[in-house]
Amino acid sequence: MIALKLIYIANIIVAGWIGISSLFFPQLSSATIFQNSYQTTDLIRLVGCLWLAIAILSVFGLWRPVTFSPVLLLQLIYKGAWLLVVAIPAIVNKEQFPVGMAIFFLVWCLVLPFVIPWSEWTK
(Lines give C-alpha, C1' and ligand atoms only; values in the text may rest on other atoms or scores of the structure.)
Protein backbone atom coordinates (compact mmCIF):
# COMPACT_ATOMS: atom_id res chain seq x y z
CA MET A 1 0.00 0.00 0.00
CA ILE A 2 2.86 2.39 0.68
CA ALA A 3 4.16 2.05 -2.89
CA LEU A 4 0.67 2.74 -4.26
CA LYS A 5 0.34 5.83 -2.11
CA LEU A 6 3.77 7.08 -3.19
CA ILE A 7 2.74 6.69 -6.83
CA TYR A 8 -0.49 8.58 -6.13
CA ILE A 9 1.47 11.39 -4.46
CA ALA A 10 3.82 11.57 -7.45
CA ASN A 11 0.79 11.68 -9.76
CA ILE A 12 -0.78 14.49 -7.75
CA ILE A 13 2.38 16.56 -7.91
CA VAL A 14 3.58 15.82 -11.45
CA ALA A 15 0.32 15.18 -13.32
CA GLY A 16 -1.37 17.98 -11.39
CA TRP A 17 1.31 20.51 -12.29
CA ILE A 18 1.44 19.37 -15.93
CA GLY A 19 -2.35 19.33 -16.15
CA ILE A 20 -2.78 22.83 -14.77
CA SER A 21 0.05 24.30 -16.82
CA SER A 22 -1.19 22.61 -20.01
CA LEU A 23 -4.75 23.80 -19.44
CA PHE A 24 -4.10 27.37 -18.40
CA PHE A 25 -0.62 28.11 -19.79
CA PRO A 26 -0.35 26.01 -22.98
CA GLN A 27 2.52 28.07 -24.43
CA LEU A 28 4.58 27.58 -21.28
CA SER A 29 3.69 23.89 -21.30
CA SER A 30 4.67 23.61 -24.95
CA ALA A 31 8.07 25.12 -24.18
CA THR A 32 8.82 23.27 -20.95
CA ILE A 33 6.99 19.95 -20.85
CA PHE A 34 6.88 19.29 -24.59
CA GLN A 35 10.30 20.95 -25.16
CA ASN A 36 8.95 22.86 -28.19
CA SER A 37 8.59 19.54 -30.04
CA TYR A 38 5.00 20.33 -30.92
CA GLN A 39 3.10 23.46 -31.87
CA THR A 40 0.98 25.07 -29.21
CA THR A 41 -2.57 24.00 -30.01
CA ASP A 42 -5.70 23.11 -28.09
CA LEU A 43 -4.49 19.50 -28.12
CA ILE A 44 -2.07 20.48 -25.37
CA ARG A 45 -5.09 21.58 -23.34
CA LEU A 46 -6.79 18.26 -24.07
CA VAL A 47 -3.75 16.38 -22.75
CA GLY A 48 -3.83 18.73 -19.76
CA CYS A 49 -7.40 17.58 -19.04
CA LEU A 50 -6.25 13.96 -19.01
CA TRP A 51 -3.33 14.66 -16.68
CA LEU A 52 -5.43 16.78 -14.35
CA ALA A 53 -8.03 13.97 -14.21
CA ILE A 54 -5.26 11.52 -13.30
CA ALA A 55 -4.11 13.87 -10.53
CA ILE A 56 -7.64 14.23 -9.16
CA LEU A 57 -8.24 10.46 -9.21
CA SER A 58 -4.89 10.04 -7.47
CA VAL A 59 -6.13 12.25 -4.62
CA PHE A 60 -8.97 9.77 -4.10
CA GLY A 61 -6.44 6.95 -4.44
CA LEU A 62 -4.73 8.13 -1.26
CA TRP A 63 -7.84 7.06 0.68
CA ARG A 64 -8.85 4.04 -1.44
CA PRO A 65 -5.60 2.82 -3.04
CA VAL A 66 -6.85 -0.42 -4.59
CA THR A 67 -10.19 0.99 -5.71
CA PHE A 68 -8.52 3.74 -7.72
CA SER A 69 -5.60 1.67 -9.00
CA PRO A 70 -7.11 1.21 -12.50
CA VAL A 71 -5.91 4.77 -13.16
CA LEU A 72 -2.39 3.34 -12.94
CA LEU A 73 -3.23 0.76 -15.60
CA LEU A 74 -4.51 3.58 -17.80
CA GLN A 75 -1.19 5.35 -17.33
CA LEU A 76 0.78 2.22 -18.13
CA ILE A 77 -1.19 1.70 -21.35
CA TYR A 78 -1.08 5.24 -22.72
CA LYS A 79 2.52 5.91 -21.71
CA GLY A 80 3.66 2.59 -23.19
CA ALA A 81 1.69 3.25 -26.37
CA TRP A 82 3.20 6.74 -26.69
CA LEU A 83 6.70 5.34 -26.27
CA LEU A 84 6.08 2.68 -28.94
CA VAL A 85 4.22 4.84 -31.44
CA VAL A 86 5.85 8.26 -30.99
CA ALA A 87 9.16 8.16 -29.12
CA ILE A 88 10.79 5.09 -30.64
CA PRO A 89 10.01 6.07 -34.25
CA ALA A 90 11.27 9.61 -33.50
CA ILE A 91 14.53 8.19 -32.17
CA VAL A 92 14.93 5.88 -35.17
CA ASN A 93 14.15 8.68 -37.66
CA LYS A 94 16.19 11.26 -35.72
CA GLU A 95 13.16 13.52 -35.31
CA GLN A 96 12.46 15.95 -32.51
CA PHE A 97 10.42 14.70 -29.56
CA PRO A 98 10.17 15.60 -25.85
CA VAL A 99 13.08 13.58 -24.45
CA GLY A 100 12.32 14.45 -20.81
CA MET A 101 8.76 13.21 -21.20
CA ALA A 102 9.99 10.01 -22.86
CA ILE A 103 12.41 9.31 -20.00
CA PHE A 104 9.69 9.93 -17.41
CA PHE A 105 7.24 7.70 -19.32
CA LEU A 106 9.86 4.94 -19.58
CA VAL A 107 10.56 5.03 -15.83
CA TRP A 108 6.84 4.97 -15.10
CA CYS A 109 6.31 2.00 -17.45
CA LEU A 110 9.08 0.12 -15.67
CA VAL A 111 7.76 0.89 -12.17
CA LEU A 112 3.97 0.60 -12.56
CA PRO A 113 3.82 -3.16 -13.29
CA PHE A 114 5.38 -3.75 -9.87
CA VAL A 115 3.03 -1.35 -8.07
CA ILE A 116 -0.31 -2.17 -9.67
CA PRO A 117 -2.17 -4.58 -7.34
CA TRP A 118 -2.84 -7.26 -9.97
CA SER A 119 -3.79 -9.91 -7.40
CA GLU A 120 -6.47 -7.66 -5.87
CA TRP A 121 -8.22 -7.41 -9.24
CA THR A 122 -8.59 -11.17 -9.64
CA LYS A 123 -10.44 -11.79 -6.38
Legend entry - Candidate list L72, V115, L57, I13, test side chain to side chain contact (heavy atoms under 4.5 Å, CB included), partner Y8, passing option: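 When side chain to side chain contact (heavy atoms under 4.5 Å, CB included) is applied between Y8 and each of L72, V115, L57, I13, only L72 qualifies.
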Where the side chain of [X] meets the backbone of [Y], is there a donor-acceptor pair that is under 3.5 Å apart?
{"X": "S29", "Y": "P26", "result": "no"}
{"X": "Q35", "Y": "V99", "result": "yes"}
{"X": "S58", "Y": "I7", "result": "no"}
{"X": "W51", "Y": "N11", "result": "no"}
{"X": "S22", "Y": "G19", "result": "no"}

Check [X] against [Y] and note the closest heavy-atom contact, atom names and distance.
{"X": "S37", "Y": "Q96", "answer": "OG-CG, 3.6 Å"}
{"X": "W121", "Y": "S69", "answer": "NE1-OG, 3.0 Å"}
{"X": "P98", "Y": "I33", "answer": "CB-O, 3.9 Å"}
{"X": "A15", "Y": "A55", "answer": "C-CB, 4.0 Å"}
{"X": "K5", "Y": "L62", "answer": "CE-O, 3.3 Å"}
{"X": "L112", "Y": "L76", "answer": "CD1-N, 3.8 Å"}

Treat each ILVMFWY residue as a node, draw an edge where side-chain heavy atoms are under 4.5 Å apart, and state whether [X] and [Y] are in one component.
{"X": "V107", "Y": "I116", "result": "yes"}
{"X": "W63", "Y": "L4", "result": "yes"}
{"X": "M1", "Y": "L73", "result": "yes"}
{"X": "L74", "Y": "F105", "result": "yes"}

Quick check on [X]: does its [atom1] atom have over 12 non-hydrogen neighbours (other residues, nucleotides or ligands) under 6.0 Å away?
{"X": "L110", "atom1": "CG", "result": "yes"}
{"X": "F25", "atom1": "CZ", "result": "no"}
{"X": "Y78", "atom1": "OH", "result": "yes"}

Quick check: do [X] and [Y] have side-chain heavy atoms less than 4.5 Å from each other?
{"X": "V59", "Y": "I56", "result": "no"}
{"X": "T32", "Y": "S21", "result": "no"}
{"X": "L46", "Y": "L50", "result": "no"}
{"X": "K79", "Y": "F104", "result": "yes"}

Nearest 0.5 Å, please: how far is [atom2] in [Y] from [atom1] in [X]?
{"X": "I12", "Y": "F60", "atom1": "CD1", "atom2": "CZ", "value": "10.5 Å"}
{"X": "I54", "Y": "I18", "atom1": "CD1", "atom2": "CD1", "value": "10.0 Å"}
{"X": "F34", "Y": "I44", "atom1": "CZ", "atom2": "CD1", "value": "5.0 Å"}
{"X": "L6", "Y": "I2", "atom1": "CG", "atom2": "CD1", "value": "7.5 Å"}

Inset, instruction - Please state whether the rings of W82 and F97 are parallel, tilted or perpendicular, taking 30° and 60° as the class boundaries. - result: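 Judged by the thresholds at 30° and 60°, the geometry between W82 and F97 is tilted.
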